[in-house]
Participant: 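Handing you a structure now.
In this text, all values refer to a predicted model and were calculated from it rather than measured experimentally.
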Protein chains: 2
Amino acid sequence: MDSKHPRNPTRSLLLNHARRLFAERGFSAVSMRDIARSVGLQQSSIYNHFDSKQSILIELLRGHMLTLNQCRNDWLSDEVSATEQLIAFTQFHVAYHIDFPDDVFIAYMELRSLEPDNRKALVRLRDEYELSLQAIVQQGVTAGEFQCVDVAVHTRAIIAMLTGVTVWYRHDGRLDKDTVIHSYVTAALQSLGIPANDVAHQHELKKVKHV
Amino acid sequence: MDSKHPRNPTRSLLLNHARRLFAERGFSAVSMRDIARSVGLQQSSIYNHFDSKQSILIELLRGHMLTLNQCRNDWLSDEVSATEQLIAFTQFHVAYHIDFPDDVFIAYMELRSLEPDNRKALVRLRDEYELSLQAIVQQGVTAGEFQCVDVAVHTRAIIAMLTGVTVWYRHDGRLDKDTVIHSYVTAALQSLGIPANDVAHQHELKKVKHV
DNA sequence: ATAGTAAACGAACGGTCGTTCGTATGATAA
DNA sequence: TTATCATACGAACGACCGTTCGTTTACTAT
């Protein structure tokens, strides 16, 4: 079945519409008929491209998690100071979450809709990402650059703070993307006790690319 | 129908079990049969206590939002400095969210499952709560106590950071509640440019009471 | 031209959904 | 004792669910 190939246009269309619908209404509240209708197909035709409803969700979640980790690794370098790494991480994380809010929302909410084995694999990817920030925070604390009460708690606090951008950011809103990113970089740095006045604008923003 | 009174024990049981199920699986993924079974009733008997599935959700969400605002107002005083208000807000917010994670999770996820009128009323309550923190941040910036790039963005950043505690906190975990709260107070203060070493432990924690 | 195949269709499957209805029970109040 | 009423039951309603099936369509390679 050639249709299983990612480049298949109908298959991509189905994935994109499923992503939007799952993000809007939640996995359980979206039917195969809803997905089919939104791309102009009969519900049965979806099964030429996917084995089941759950397999659509799995592919969306796995694609998001793999892309997130890969982009992060492309973006960050571990050969600079913890402060510079934190700035780069924050810029990347906020930019990515502004660009792909639906993926983020589905990943946050619908992990529980997965069967245990699939869920475990994705939780591992999520933990890998979180631990990559925790390593930066730990490095900064050890080097005396950062101040915090507990590294693990503070890491989760920063990730939650940054991820929250998906809830309110609108492209036609009051602030442009760079200003928003600048705000979050300042907040993240300061939260670890770094005065952010001087460093925040030194780093140019590269473009996040979704694979 | 006396059963509509909140003190009715069966009705309270239904509300509590519905809350847990909605938080675990999501509103759409929970059936009236699931709720009935979990309290040992037939599905039809629920309609002696609630008009519809949606009305159960409304009551859970409204109860949460009203309680949250009321407790906040009981807890906070506006006759102290912005820094002290921020400490009190953070202590309250984290303590409340640790104690009632199911309510918080449902409120975050299931507003969209409501009909427009009901949703608007609850969004207003949520905005009221958020604006109460924004007022504190604005006051601190004006007084020169706080430093941030944008008051609205930073307010949302702090709320997201604090609310994230619900995702990972466990009562039998590595850290006790007070330590967790202390971590978040430090993070919130420092994020606004306040050195947190000296102030974090001055304020005793009062007990959050759910009405 | 013809055989093979990916992909679409539309009907149908058994099951579950939220909700309604008529009835039975058991406590309370007259 | 009797009338009332909140509450429980169990069957049933029409609608929708995810998925399967047999068939048709349309392109591709021989």
Participant: Answer yes or no: does a side-chain N or O of A/T10 lie under 4.0 Å from OP1 or OP2 of C/dA7?
Facilitator: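 Answer is no, no contact under 4.0 Å.
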Participant: State which of D/dT19, C/dG18, D/dT7 makes the closest approach to the side chain of A/Y47.
Facilitator: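 Taking heavy atoms from C-beta onward, the closest nucleotide is D/dT19.
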Participant: Rounded to whole Å, please give me the gap between CD1 in B/I46 and P in C/dC21.
Facilitator: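 Nearest whole value for this atom pair: 17 Å.
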Participant: Is the shortest side-chain N/O distance from B/S31 to OP1 or OP2 of C/dC17 below 4.0 Å?
Facilitator: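 The answer is yes; a side-chain N or O of B/S31 sits under 4.0 Å from OP1 or OP2.
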Participant: Assign each of B/A29 and A/L41 to its nearest nucleotide of DNA chain C by heavy atoms, then name whichever residue's nucleotide is nearer the 5' end.
Facilitator: A/L41
Participant: Figure out the CZ/C1' separation between B/F50 and D/dA6, and round it to whole Å.
Facilitator: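 After rounding, the reported distance stands at 15 Å.
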Participant: Dump the intermediate steps for salt bridge (Lys or Arg N to Asp or Glu O under 4.0 Å) on A/E115 and A/R119, then the final yes or no.
Facilitator: CA-CA 6 Å; A/E115 290 143 9; A/R119 180 167 58 242; over 6 Å; no
Participant: Could you tell me the separation between the CG atom of B/N8 and the P atom of D/dC5, rounded to a whole number of Å?
Facilitator: 18 Å
Participant: At under 4.0 Å, does any side-chain N or O of A/N48 touch on OP1 or OP2 of C/dC9?
Facilitator: no
Participant: Rounded to the nearest angstrom, tell me the gap between atom CZ in B/R33 and atom P in D/dC17.
Facilitator: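 In whole Å, D/dC17 P and B/R33 CZ are 15 Å from each other.
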Participant: Classify B/V30 by what it touches in the nucleic acid, base, sugar-phosphate, or nothing, heavy-atom distance under 4.0 Å.
Facilitator: sugar-phosphate
Participant: Can a salt bridge be assigned to the pair B/R11 and B/E59 using a cut-off of 4.0 Å between side-chain N and carboxylate O?
Facilitator: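 Between B/E59 and B/R11 there is a salt bridge, with a charged N closer than 4.0 Å to a carboxylate O.
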Participant: How about B/L133 and B/L86: do any of their side-chain heavy atoms sit closer than 4.5 Å?
Facilitator: yes
Participant: Quickly work out the A/D34 CG to D/dG18 P distance and round it to whole Å.
Facilitator: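 For the pair A/D34 CG and D/dG18 P, the rounded distance is 8 Å.
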Participant: Salt bridge between A/E130 and A/R156, side-chain N to carboxylate O under 4.0 Å?
Facilitator: yes
Participant: Check the distance between C/dG18's P and B/L57's CG and give it to me in whole angstrom.
Facilitator: 13 Å
Participant: Rounded to whole angstrom units, what separation is found between the CE atom of A/M32 and the C1' atom of D/dT20?
Facilitator: 12 Å
Participant: Does OP1 or OP2 of D/dA6 have a side-chain N or O of B/H49 closer than 4.0 Å?
Facilitator: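 No, B/H49 has no side-chain N/O under 4.0 Å of OP1/OP2 on D/dA6.
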Participant: In whole Å, I'd like the distance from the CD atom of A/Q54 to the P atom of D/dC17.
Facilitator: 18 Å
Participant: Answer yes or no: is there a donor N or O on one side and an acceptor on the other, between the side chain of A/H97 and the main chain of A/H93, under 3.5 Å?
Facilitator: yes
Participant: Can you figure out which of C/dA7, C/dA8, C/dA12 approaches the side chain of A/Q43 most closely?
Facilitator: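 Output: C/dA12.
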Participant: Distance check: side-chain N/O of B/Q42 vs OP1/OP2 of D/dA8, anything under 4.0 Å?
Facilitator: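 No, no such contact exists.
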Participant: Between B/S45 and D/dC9, does any side-chain N or O lie under 4.0 Å from OP1 or OP2?
Facilitator: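 For D/dC9, OP1 or OP2 has a side-chain N or O of B/S45 closer than 4.0 Å.
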Participant: Which nucleotide, D/dG18, C/dG10, C/dT19, lies nearest any side-chain atom of A/S44?
Facilitator: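 Closest of the options to the side chain of A/S44: C/dG10.
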